[in-house]
Amino acid sequence: MTTLFLHEQALVLDNGIAGETQRVDSANPATFSAAISGALGSPQDIYTQTFVPPGIDAPSIVMIVPGSLGIAPSHVYKAQLLTEAGFAACLVDPFGARKVESTVANQAQFSFAASAWDVLAVGAALHAQGRFSRLGLQGHSRGGSAIQLATAMQKFTAFKVPFAGVYAAYPWCGLQFLSPDVGATRVRSIIGDQDEWCSAQQVQGYTHSLVISGCAASCRIIAGAHHSFDRDTPLENVPDASVAPGAPTVFIDDDGTYLHPVAGRTPADTSERALMLYGIKAGYGVRGAHIGSREDDAELFHEDMILFWREVFA
(Lines give C-alpha, C1' and ligand atoms only; values in the text may rest on other atoms or scores of the structure.)
Protein backbone atom coordinates (compact mmCIF):
# COMPACT_ATOMS: atom_id res chain seq x y z
CA MET A 1 0.00 0.00 0.00
CA THR A 2 1.51 3.28 -1.14
CA THR A 3 1.71 6.26 1.23
CA LEU A 4 2.14 9.66 -0.41
CA PHE A 5 4.04 12.39 1.45
CA LEU A 6 3.01 15.83 0.24
CA HIS A 7 6.26 17.58 1.15
CA GLU A 8 8.14 15.19 -1.14
CA GLN A 9 6.16 15.44 -4.38
CA ALA A 10 3.86 17.82 -6.21
CA LEU A 11 0.73 16.03 -7.35
CA VAL A 12 -1.19 16.62 -10.58
CA LEU A 13 -4.70 15.23 -10.89
CA ASP A 14 -5.67 13.26 -13.98
CA ASN A 15 -7.78 16.25 -15.04
CA GLY A 16 -4.61 18.36 -15.17
CA ILE A 17 -5.12 20.42 -11.99
CA ALA A 18 -1.82 20.79 -10.13
CA GLY A 19 -1.60 20.87 -6.36
CA GLU A 20 -0.45 23.98 -4.49
CA THR A 21 1.79 22.86 -1.60
CA GLN A 22 1.49 24.73 1.71
CA ARG A 23 3.21 24.28 5.06
CA VAL A 24 0.89 24.74 8.05
CA ASP A 25 1.89 25.33 11.68
CA SER A 26 0.29 22.69 13.89
CA ALA A 27 1.22 21.13 17.25
CA ASN A 28 1.44 17.88 19.22
CA PRO A 29 -0.86 18.10 22.26
CA ALA A 30 -0.63 14.83 24.17
CA THR A 31 -4.28 14.86 25.29
CA PHE A 32 -7.48 16.78 24.70
CA SER A 33 -7.12 18.30 28.16
CA ALA A 34 -3.73 19.65 27.10
CA ALA A 35 -5.11 20.96 23.79
CA ILE A 36 -8.00 22.78 25.45
CA SER A 37 -5.80 24.26 28.19
CA GLY A 38 -3.22 25.47 25.64
CA ALA A 39 -0.44 23.00 26.51
CA LEU A 40 0.22 22.15 22.89
CA GLY A 41 3.51 20.28 23.17
CA SER A 42 6.11 20.58 20.45
CA PRO A 43 5.41 22.69 17.34
CA GLN A 44 4.69 20.59 14.26
CA ASP A 45 4.83 21.36 10.56
CA ILE A 46 2.30 19.56 8.41
CA TYR A 47 1.80 19.86 4.67
CA THR A 48 -1.19 20.21 2.40
CA GLN A 49 -1.83 20.39 -1.32
CA THR A 50 -4.78 22.39 -2.60
CA PHE A 51 -6.44 21.81 -5.97
CA VAL A 52 -8.58 24.63 -7.34
CA PRO A 53 -10.85 24.17 -10.38
CA PRO A 54 -10.21 26.84 -13.02
CA GLY A 55 -12.77 29.50 -13.87
CA ILE A 56 -14.68 29.39 -10.57
CA ASP A 57 -14.57 32.47 -8.36
CA ALA A 58 -14.28 31.71 -4.61
CA PRO A 59 -15.20 28.01 -4.79
CA SER A 60 -16.16 25.99 -1.74
CA ILE A 61 -13.35 23.74 -0.54
CA VAL A 62 -13.25 20.27 1.04
CA MET A 63 -10.33 19.22 3.26
CA ILE A 64 -9.52 15.49 2.84
CA VAL A 65 -7.91 13.90 5.90
CA PRO A 66 -6.55 10.35 5.46
CA GLY A 67 -6.67 7.37 7.80
CA SER A 68 -4.04 5.13 9.36
CA LEU A 69 -2.28 4.37 6.08
CA GLY A 70 -1.77 8.02 5.17
CA ILE A 71 -2.59 9.58 1.80
CA ALA A 72 -3.33 6.97 -0.85
CA PRO A 73 -4.23 7.19 -4.55
CA SER A 74 -7.90 6.84 -3.55
CA HIS A 75 -7.72 10.17 -1.68
CA VAL A 76 -6.14 11.85 -4.69
CA TYR A 77 -8.97 10.50 -6.83
CA LYS A 78 -11.49 12.08 -4.46
CA ALA A 79 -9.78 15.42 -4.96
CA GLN A 80 -10.25 14.89 -8.71
CA LEU A 81 -13.96 14.09 -8.31
CA LEU A 82 -14.48 17.16 -6.12
CA THR A 83 -12.75 19.51 -8.54
CA GLU A 84 -14.77 18.07 -11.42
CA ALA A 85 -17.91 18.84 -9.37
CA GLY A 86 -16.79 22.47 -9.11
CA PHE A 87 -15.28 22.40 -5.61
CA ALA A 88 -11.71 22.95 -4.50
CA ALA A 89 -10.02 20.14 -2.57
CA CYS A 90 -7.23 20.21 0.01
CA LEU A 91 -5.31 17.02 0.80
CA VAL A 92 -3.94 17.05 4.35
CA ASP A 93 -0.81 15.03 5.21
CA PRO A 94 -0.49 14.49 8.99
CA PHE A 95 2.18 11.80 8.53
CA GLY A 96 5.04 12.99 6.32
CA ALA A 97 6.57 15.70 8.49
CA ARG A 98 6.12 13.49 11.58
CA LYS A 99 8.07 10.74 9.78
CA VAL A 100 5.22 8.29 10.33
CA GLU A 101 4.35 5.90 7.52
CA SER A 102 1.39 4.12 9.13
CA THR A 103 -0.46 3.96 12.45
CA VAL A 104 -2.14 0.65 11.60
CA ALA A 105 -0.16 -1.36 14.17
CA ASN A 106 0.22 1.47 16.70
CA GLN A 107 -2.28 4.34 16.84
CA ALA A 108 -0.38 6.00 19.70
CA GLN A 109 2.53 7.30 17.56
CA PHE A 110 0.83 10.68 17.84
CA SER A 111 -2.37 11.47 19.67
CA PHE A 112 -5.89 11.84 18.37
CA ALA A 113 -5.79 15.25 20.05
CA ALA A 114 -2.91 16.14 17.73
CA SER A 115 -4.89 14.82 14.75
CA ALA A 116 -7.83 17.04 15.70
CA TRP A 117 -5.49 20.00 16.18
CA ASP A 118 -4.08 19.44 12.67
CA VAL A 119 -7.61 19.70 11.26
CA LEU A 120 -8.33 22.97 13.06
CA ALA A 121 -4.93 24.43 12.12
CA VAL A 122 -5.39 23.67 8.42
CA GLY A 123 -9.00 24.85 8.51
CA ALA A 124 -7.94 28.15 10.08
CA ALA A 125 -5.18 28.59 7.48
CA LEU A 126 -7.58 28.02 4.57
CA HIS A 127 -10.21 30.29 6.09
CA ALA A 128 -7.62 33.05 6.55
CA GLN A 129 -6.72 32.97 2.85
CA GLY A 130 -10.13 34.40 1.92
CA ARG A 131 -10.12 32.46 -1.36
CA PHE A 132 -12.91 30.02 -0.57
CA SER A 133 -16.60 30.69 0.05
CA ARG A 134 -17.31 27.72 2.32
CA LEU A 135 -15.22 25.06 4.03
CA GLY A 136 -15.98 21.38 4.52
CA LEU A 137 -14.20 18.48 6.22
CA GLN A 138 -13.92 14.94 4.87
CA GLY A 139 -12.03 12.32 6.86
CA HIS A 140 -11.42 8.62 6.41
CA SER A 141 -11.03 6.14 9.29
CA ARG A 142 -8.64 7.85 11.74
CA GLY A 143 -9.14 11.00 9.66
CA GLY A 144 -12.89 10.62 10.15
CA SER A 145 -12.31 10.52 13.90
CA ALA A 146 -10.07 13.59 13.62
CA ILE A 147 -12.66 15.74 11.86
CA GLN A 148 -15.45 14.71 14.25
CA LEU A 149 -13.31 15.42 17.31
CA ALA A 150 -12.03 18.69 15.83
CA THR A 151 -15.49 20.11 15.20
CA ALA A 152 -16.63 19.14 18.71
CA MET A 153 -13.46 20.52 20.34
CA GLN A 154 -13.42 23.82 18.44
CA LYS A 155 -15.87 25.53 20.80
CA PHE A 156 -13.37 25.03 23.66
CA THR A 157 -10.43 26.61 21.77
CA ALA A 158 -9.49 29.92 20.15
CA PHE A 159 -10.27 28.52 16.68
CA LYS A 160 -13.38 29.93 15.06
CA VAL A 161 -13.61 28.26 11.67
CA PRO A 162 -17.09 28.08 10.07
CA PHE A 163 -17.17 24.48 8.86
CA ALA A 164 -20.24 24.02 6.66
CA GLY A 165 -20.16 20.23 6.63
CA VAL A 166 -18.41 17.11 7.91
CA TYR A 167 -18.31 13.88 5.90
CA ALA A 168 -16.90 11.12 8.12
CA ALA A 169 -16.06 7.94 6.24
CA TYR A 170 -15.98 4.81 8.45
CA PRO A 171 -14.75 6.84 11.47
CA TRP A 172 -13.57 5.30 14.74
CA CYS A 173 -16.04 6.65 17.29
CA GLY A 174 -14.53 4.95 20.35
CA LEU A 175 -13.44 8.40 21.55
CA GLN A 176 -16.21 11.03 21.69
CA PHE A 177 -16.94 14.33 23.36
CA LEU A 178 -19.64 13.94 26.00
CA SER A 179 -21.26 17.12 24.64
CA PRO A 180 -20.67 16.97 20.87
CA ASP A 181 -22.65 20.05 19.84
CA VAL A 182 -21.21 21.32 16.53
CA GLY A 183 -23.66 24.14 15.94
CA ALA A 184 -24.76 24.69 12.36
CA THR A 185 -22.22 22.26 10.88
CA ARG A 186 -23.98 19.47 8.98
CA VAL A 187 -22.57 16.00 9.73
CA ARG A 188 -22.83 12.75 7.78
CA SER A 189 -21.18 9.43 8.56
CA ILE A 190 -20.95 6.40 6.28
CA ILE A 191 -19.72 2.93 7.24
CA GLY A 192 -20.10 -0.70 6.19
CA ASP A 193 -21.86 -3.20 8.43
CA GLN A 194 -18.93 -5.63 7.97
CA ASP A 195 -16.29 -3.12 9.15
CA GLU A 196 -13.74 -4.91 11.35
CA TRP A 197 -11.81 -1.76 12.33
CA CYS A 198 -14.60 0.52 13.56
CA SER A 199 -17.98 -0.09 15.16
CA ALA A 200 -21.06 0.82 13.14
CA GLN A 201 -22.99 0.88 16.43
CA GLN A 202 -20.64 3.54 17.85
CA VAL A 203 -21.11 5.59 14.68
CA GLN A 204 -24.88 5.31 15.14
CA GLY A 205 -24.53 6.34 18.78
CA TYR A 206 -22.43 9.39 17.93
CA THR A 207 -24.90 10.42 15.23
CA HIS A 208 -27.77 10.17 17.71
CA SER A 209 -25.81 12.27 20.24
CA LEU A 210 -25.49 14.99 17.61
CA VAL A 211 -29.19 14.83 16.76
CA ILE A 212 -30.32 15.17 20.38
CA SER A 213 -27.87 18.09 20.70
CA GLY A 214 -29.86 19.83 17.98
CA CYS A 215 -27.39 19.28 15.15
CA ALA A 216 -28.15 18.19 11.58
CA ALA A 217 -26.61 14.70 11.45
CA SER A 218 -27.21 11.51 9.49
CA CYS A 219 -25.63 8.08 9.23
CA ARG A 220 -25.64 5.62 6.34
CA ILE A 221 -24.71 1.96 6.85
CA ILE A 222 -23.81 -0.05 3.74
CA ALA A 223 -24.78 -3.73 3.75
CA GLY A 224 -21.83 -6.09 3.22
CA ALA A 225 -19.22 -3.32 3.00
CA HIS A 226 -15.86 -3.55 4.76
CA HIS A 227 -13.49 -0.86 6.02
CA SER A 228 -12.21 1.53 3.33
CA PHE A 229 -14.83 0.23 0.92
CA ASP A 230 -14.21 3.30 -1.26
CA ARG A 231 -10.60 2.39 -2.15
CA ASP A 232 -11.61 0.49 -5.30
CA THR A 233 -9.00 -2.16 -4.49
CA PRO A 234 -9.65 -5.88 -3.85
CA LEU A 235 -10.59 -6.95 -0.33
CA GLU A 236 -7.47 -7.99 1.61
CA ASN A 237 -6.44 -8.74 5.16
CA VAL A 238 -4.00 -6.36 6.87
CA PRO A 239 -2.30 -8.76 9.29
CA ASP A 240 -0.57 -6.18 11.52
CA ALA A 241 -3.72 -4.13 12.12
CA SER A 242 -4.32 -3.70 15.86
CA VAL A 243 -8.01 -2.96 16.45
CA ALA A 244 -10.58 -3.16 19.22
CA PRO A 245 -13.93 -2.19 17.67
CA GLY A 246 -15.95 -3.83 20.43
CA ALA A 247 -14.35 -1.89 23.29
CA PRO A 248 -16.62 0.50 25.24
CA THR A 249 -16.63 4.17 24.28
CA VAL A 250 -14.29 6.60 26.04
CA PHE A 251 -15.96 9.99 26.50
CA ILE A 252 -14.27 13.39 26.78
CA ASP A 253 -15.62 16.02 29.18
CA ASP A 254 -15.78 19.71 28.26
CA ASP A 255 -12.39 20.37 29.88
CA GLY A 256 -10.78 17.54 27.91
CA THR A 257 -10.77 15.02 30.75
CA TYR A 258 -11.15 11.41 29.63
CA LEU A 259 -13.95 9.38 31.20
CA HIS A 260 -12.73 5.79 31.54
CA PRO A 261 -15.49 3.25 30.74
CA VAL A 262 -14.90 1.45 34.07
CA ALA A 263 -13.03 3.86 36.35
CA GLY A 264 -14.83 7.07 35.40
CA ARG A 265 -13.08 10.46 35.47
CA THR A 266 -9.31 10.16 35.01
CA PRO A 267 -6.34 12.39 35.94
CA ALA A 268 -5.64 15.18 33.43
CA ASP A 269 -2.41 13.54 32.27
CA THR A 270 -4.00 10.18 31.43
CA SER A 271 -2.78 9.19 27.98
CA GLU A 272 -4.81 7.93 25.06
CA ARG A 273 -2.44 4.95 24.94
CA ALA A 274 -3.48 3.92 28.44
CA LEU A 275 -7.12 4.01 27.42
CA MET A 276 -6.42 1.97 24.28
CA LEU A 277 -4.52 -0.59 26.35
CA TYR A 278 -7.58 -0.98 28.56
CA GLY A 279 -9.59 -2.11 25.53
CA ILE A 280 -6.91 -4.59 24.53
CA LYS A 281 -6.35 -5.99 28.03
CA ALA A 282 -10.10 -6.27 28.58
CA GLY A 283 -10.17 -8.75 25.72
CA TYR A 284 -11.45 -6.56 22.90
CA GLY A 285 -8.16 -6.40 21.00
CA VAL A 286 -7.92 -8.11 17.62
CA ARG A 287 -4.91 -8.53 15.36
CA GLY A 288 -5.63 -8.38 11.65
CA ALA A 289 -8.59 -6.83 9.80
CA HIS A 290 -9.88 -6.55 6.24
CA ILE A 291 -9.78 -3.52 3.98
CA GLY A 292 -11.02 -2.92 0.43
CA SER A 293 -13.96 -2.84 -1.96
CA ARG A 294 -16.49 -5.05 -3.63
CA GLU A 295 -17.41 -4.44 -7.25
CA ASP A 296 -19.67 -1.37 -6.86
CA ASP A 297 -18.66 -0.12 -3.39
CA ALA A 298 -16.40 2.72 -4.49
CA GLU A 299 -18.95 4.08 -6.99
CA LEU A 300 -21.67 4.00 -4.31
CA PHE A 301 -19.41 5.88 -1.91
CA HIS A 302 -18.47 8.56 -4.43
CA GLU A 303 -22.10 9.15 -5.39
CA ASP A 304 -23.03 9.65 -1.73
CA MET A 305 -19.99 11.89 -1.16
CA ILE A 306 -20.68 14.24 -4.08
CA LEU A 307 -24.41 14.39 -3.28
CA PHE A 308 -23.60 15.41 0.31
CA TRP A 309 -21.25 18.21 -0.72
CA ARG A 310 -23.63 19.51 -3.37
CA GLU A 311 -26.38 19.74 -0.74
CA VAL A 312 -24.10 21.34 1.87
CA PHE A 313 -22.64 23.91 -0.51
CA ALA A 314 -25.89 24.65 -2.38
Side-chain angles (χ1 to χ4, degrees), residues 5-7 22-48 50 61-68 70-71 90-100 103 106-129 135-163 166 168 171-183 185 187 250-258 268-273 275-276:
F5 294 142
L6 298 185
H7 68 292
Q22 181 180 10
R23 183 189 64 79
V24 177
D25 293 329
S26 187
N28 282 301
T31 65
F32 280 90
S33 176
I36 290 171
S37 67
L40 300 180
S42 59
Q44 179 65 60
D45 294 343
I46 61 171
Y47 288 85
T48 67
T50 300
I61 187 167
V62 178
M63 288 168 49
I64 302 172
V65 186
S68 297
I71 293 176
C90 176
L91 290 175
V92 180
D93 178 10
F95 284 13
R98 287 188 172 99
K99 296 181 170 55
V100 172
T103 59
N106 177 13
Q107 295 290 349
Q109 294 176 71
F110 59 100
S111 70
F112 278 78
S115 291
W117 197 266
D118 289 347
V119 171
L120 294 176
V122 174
L126 289 173
H127 181 58
Q129 291 180 19
L135 177 59
L137 299 175
Q138 178 165 321
H140 297 250
S141 192
R142 179 177 173 129
S145 306
I147 63 173
Q148 289 181 332
L149 291 163
T151 48
M153 179 176 71
Q154 180 174 223
K155 63 180 178 288
F156 306 119
T157 72
F159 288 107
K160 294 293 178 277
V161 184
F163 296 115
V166 165
W172 178 61
C173 291
L175 187 62
Q176 304 177 21
F177 272 89
L178 192 61
S179 302
D181 179 17
V182 297
T185 302
V187 179
V250 174
F251 288 99
I252 310 168
D253 214 340
D254 288 359
D255 62 357
T257 301
Y258 298 123
D269 61 350
T270 300
S271 70
E272 293 175 5
R273 181 177 182 275
L275 297 166
M276 293 176 186

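Quick note: numbers below take in every heavy atom, side chains included, and nothing from hydrogens, waters or symmetry partners.
In this structure, Val24 and Asp45 have side chains that are not in contact, with every pair of non-hydrogen atoms separated by 4.5 Å or more. Side-chain contact between Val182 and Val166: absent, with no pair of heavy atoms (C-beta onward) separated by less than 4.5 Å. In this structure, the side chains of Thr157 and Lys155 stay at 4.5 Å or more apart for every pair of heavy atoms. With contacts defined as side-chain heavy-atom distances shorter than 4.5 Å, the pair Trp117/Gln44 does not qualify. Contact check for Phe177 versus Gln148: no side-chain heavy atoms found under the 4.5 Å cut-off. The closest side-chain heavy-atom distance from Phe32 to Leu175 is below 4.5 Å. In this structure, Ile252 and Leu149 have side chains that are in contact, with non-hydrogen atoms separated by less than 4.5 Å. You'll find the side chain of Arg98 reaches within 4.5 Å of the side chain of Asp118, heavy atoms only.
Atoms CG and CD1, from Leu135 and Ile61 in turn, are 7.0 Å apart once rounded to the nearest 0.5 Å.
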Walk me through whether Leu120 and Phe163 qualify under side chain to side chain contact (heavy atoms under 4.5 Å, CB included). CA-CA 10 Å; Leu120 294 176; Phe163 296 115; 3.9 Å; yes

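Ser33 contributes no side-chain N or O that, together with a main-chain N or O of Asp269, makes up a donor-acceptor pair within less than 3.5 Å. In this structure, Ser145 contributes its side chain and Trp172 its backbone to a donor-acceptor pair below 3.5 Å.
In plain terms, the two heavy atoms of Gln22 and Gln129 that are nearest each other are OE1-NE2, 3.0 Å. Annotation for Gln154 and Val161: closest pair OE1-N, 2.5 Å, computed over non-hydrogen atoms. The minimum heavy-atom distance between Ala116 and Ala150, with the atom names listed, is O-CB, 3.5 Å. Taking both residues in full, the closest heavy atoms of Gln138 and Val62 are given as CB-CG1, 3.8 Å, listed atom of the first, atom of the second, then distance. Contact record, Cys90 with Thr48: SG-CB, 3.6 Å, taken as the closest heavy-atom pair. In terms of heavy atoms, Pro94 sits closest to Ile46 at CA-CG2, 4.4 Å.
Side-chain N/O atoms of Asp255 and Thr257 include a donor and acceptor closer than 3.5 Å.
Between Phe110 and Phe95, the two ring planes are perpendicular [angle over 60°; tilted spans 30° to 60°].
Applying the 6.0 Å contact sphere to NZ of Lys99 captures no more than 12 heavy atoms from other residues, nucleotides or ligands.
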